[in-house]
Amino acid sequence: MKRQYLKGLIALILLVAITFGTSALGEFTKKDKNADNGQGANMEDAAGEYKPGTYTYEAIGFGGPVTVELTVGEKGGVTNVVITGNSETPDVGGKAIPTLAEQILKAQSAEVDGVSGASVTSGAVKEAAGKAFAEASGQEVVDIPKPEGNNLFVPGTYSGSAKGFGGDINVTVTLSENKIEDIKIEGDHETENIGSFAVNMLGDKILEAQSPEVDALSGATVTSNGIIRALNSALVLAGADLTRFAAEEAEGGEKIMKYEDLDCDIVIIGAGGAGMTAAITATQAGKKVILLEKMPYVGGNTTKATGGMNAAETHYQKEQGIEDTVEQFVEDTMKGGHDINNRDLVTIMAKNSASAIDWLDSIGAPLPKVSFSGGATNKRIHAPEDGSGVGAFLVTRFLNKVEELGIQVMYNTKATNLITLDGKVTGVMAEGPDAYYNIHAKATILATGGFGNNQSMIVKYRDDLLGTVTTSAPGITGDGIRMAEAVGADLVDIEQIQLHPTVEQATSMLITESVRGDGAILVNQEGKRFINELLTRDVVSAGELKQTGSYAYIIFDQRLRDGLKAIEKYVSTGITVQADTIEGLAEQLEIDPATLADTLKTWNQYVADKKDPDFGRDTGMDADLSVAPYYAIKIAPGIHHTMGGVKINTEAQVIDTEGNPIPGLFAAGEVCGGVHGGNRIGGNAVADIVVFGRVASDSAVKYCDEQ
Ligand code: ADP
């Protein structure tokens, strides 16, 4: 998004306000006059305690600066509030501005409710109004420094903050006279959302452009815009005139695309878990690799994996006295997949899982914590030592290794077609930000992930899922399946799409299974349980779809929140409803309070008896739900994993509709079908990408050597 800034930035600013944020402003703006005459933004001069005059302040809104002009009459009351914000989205922030002016005038204070749905604009208006009220109250103000001569900044280190995806983002910049020397971006929820490398990548883009006028990362626009707003606040403190950055941008001419031919041994499409595993392995085997990634960051759906990686007969299991076998791993996976999986592929995954764990050790990505996970007979799921999510952990380590090995990663470069010659795949056509490429390669590996984020493909194979939200990353649109089909590839199990039963629909945020595992229950709009909450994902999802409105509420208490870190993110994102009593919770959910109270009482008794006569639940019953406050999140099923895809054999060669391997074409990860059958069990997505990423690489390396 391009932003145009108004000329004439604030001349004065409250240092204390910027340092401590808007909450600090409240302390010296709270007047609470209750002067409500209902006249909107023009009213008589009621008796007040402000200094007469006009006070104008500015803060950074959604699209640019928002200005608040406050007029205080002779008697000390606020008589007029004028807000301008020409850069705000007309239908959102723009619409909110008159309401905000009215609220401020009515309250005679900056402490107003704001307008829901326009929180960024509301926040900026409240911030600017807070400063105006503060000055009108005689609070101390300091001059914003003015850069010398034509310099951009007053050198120093400055910080700014803004709202991001699930909390505050803080940006600290170190500036010399005309250069952004360093930038530090902090925001826990953002890194959980898109990965710390993505956040850092935006920092790098800002340093490279030497400007806040950079494009948001696609798929992470909320975070990106938060970072840019926080940066702008910091730059304003350094005396920067933001219009100077916007002007440079506007002068840019129309882009002319180049055409380029590139050569390598192996081209890999998609830098998720499977693609990066294959790229590292092939490079270690001495091949020149080009890794294409259509997004501005790596990771795909792999980043989102929270559990761990299933592996059997590993050295970690042996060291921890855990007995497990490859055969049992195969049987569990077949049973979990309703026995429609390709047993040969499952066997390859299970057999090679222990050596995949050793390989992860060797590249600095150990997964030593072994525990139980749904569908596994033995303790088999391997996770990072520090309890962090396996996906983000692995993606960061993979990227470190990719960079250490000097592998060429082409970001923002989308593969569009496979190149074929005499029935062989000989490379890829791709489109980057500045050029179209023909990338010629001896072997090509598809690692583009599934198609969970492509509604038309979902509906093509499963029209019953029309309109269902997805937890998939934005780049997961089935490109690899489409490209493979175009060169004759066969597809398997394509209609096998896994729904996850606990997805918050407005944010597509997945509520981790651990919430139910730790004791939460599901109730319908009638306030009643309807299923054993810990049955498999497909069964619980189907159960929800039969309820009124096809949704449910997941209910938990403070004890459960205290024991599960993930819940903090749900609370800070604003998707939880909370009350001190069950009845209070019920009222907010518009459920009959007596019914919900009765459901909880009955459930707590079942927990005490360790027996659920209604639905036969026998796990996740270690503690009842009795510690206030109580919480609820409205959830429904969301598309989580596409189990079907391109047909491969045990060497990860792509198979055509006649049953023959397509020479030069290999595939690994969620783009393939057959490994998970009708239902993927937790921990097998990561096993799949690491094992088959290595298999695809080994086969491609061998194929290159034979050419
Ligand atoms: P897997 O789990 O199989 O490794 P991921 O979802 O983790 O799959 O990663 C797939 C990656 O492929 C994502 O980063 C996605 O953006 C990328 N991708 C998808 N389609 C293309 C394409 N046409 N060109 C380049 N990259 C692509």
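First listed ligand is number 1; within each ligand, the first listed atom is number 1.
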**Q** Decide, yes or no, whether a salt bridge links Lys401 with Glu404 under the criterion of side-chain N to carboxylate O below 4.0 Å.
**A**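 Salt bridge between Lys401 and Glu404, a charged N being under 4.0 Å from a carboxylate O: yes.
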**Q** Do Leu262 and Met410 have side chains that get closer than 4.5 Å, going by heavy atoms?
**A**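 A side-chain contact under 4.5 Å exists here.
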**Q** Any heavy-atom pair between the side chains of Met349 and Thr333 that's under 4.5 Å?
**A**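 They are in side-chain contact.
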**Q** Check Arg380 with Asp324, please: is the shortest side-chain N to carboxylate O separation under 4.0 Å?
**A**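 So Asp324 pairs with Arg380 through a salt bridge.
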**Q** Could you pull out every N or O of ligand 1 that sits under 3.5 Å from a protein N or O, with the distance for each pair?
**A**
from, atom 1, to, atom 2, distance (Å)
ligand 1, 2 (O), Thr302, OG1, 3.2
ligand 1, 3 (O), Glu670, N, 2.8
ligand 1, 4 (O), Gly273, N, 3.1
ligand 1, 4 (O), Ala274, N, 2.8
ligand 1, 6 (O), Asn301, N, 2.8
ligand 1, 7 (O), Gly299, O, 3.2
ligand 1, 7 (O), Asn301, N, 3.3
ligand 1, 7 (O), Thr302, N, 3.0
ligand 1, 7 (O), Thr302, OG1, 2.5
ligand 1, 14 (O), Glu293, OE1, 2.6
ligand 1, 14 (O), Glu293, OE2, 3.2
ligand 1, 14 (O), Gly300, N, 3.4
ligand 1, 16 (O), Glu293, OE2, 2.6
ligand 1, 20 (N), Asp479, OD2, 3.4
ligand 1, 23 (N), Ala415, O, 3.0
ligand 1, 23 (N), Asp479, OD2, 2.8
ligand 1, 24 (N), Ala415, N, 3.0
ligand 1, 26 (N), Lys294, N, 3.1

**Q** Salt-bridged, Lys294 to Asp479, with N to O below 4.0 Å?
**A**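 Yes, Lys294 and Asp479 are salt-bridged.
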**Q** Looking at Phe692, is Arg694 sitting on its ring face, NZ or CZ under 6.0 Å from the six-membered ring centre and within 45 degrees of the normal?
**A**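 Not flagged: Arg694 not positioned over aromatic ring of Phe692.
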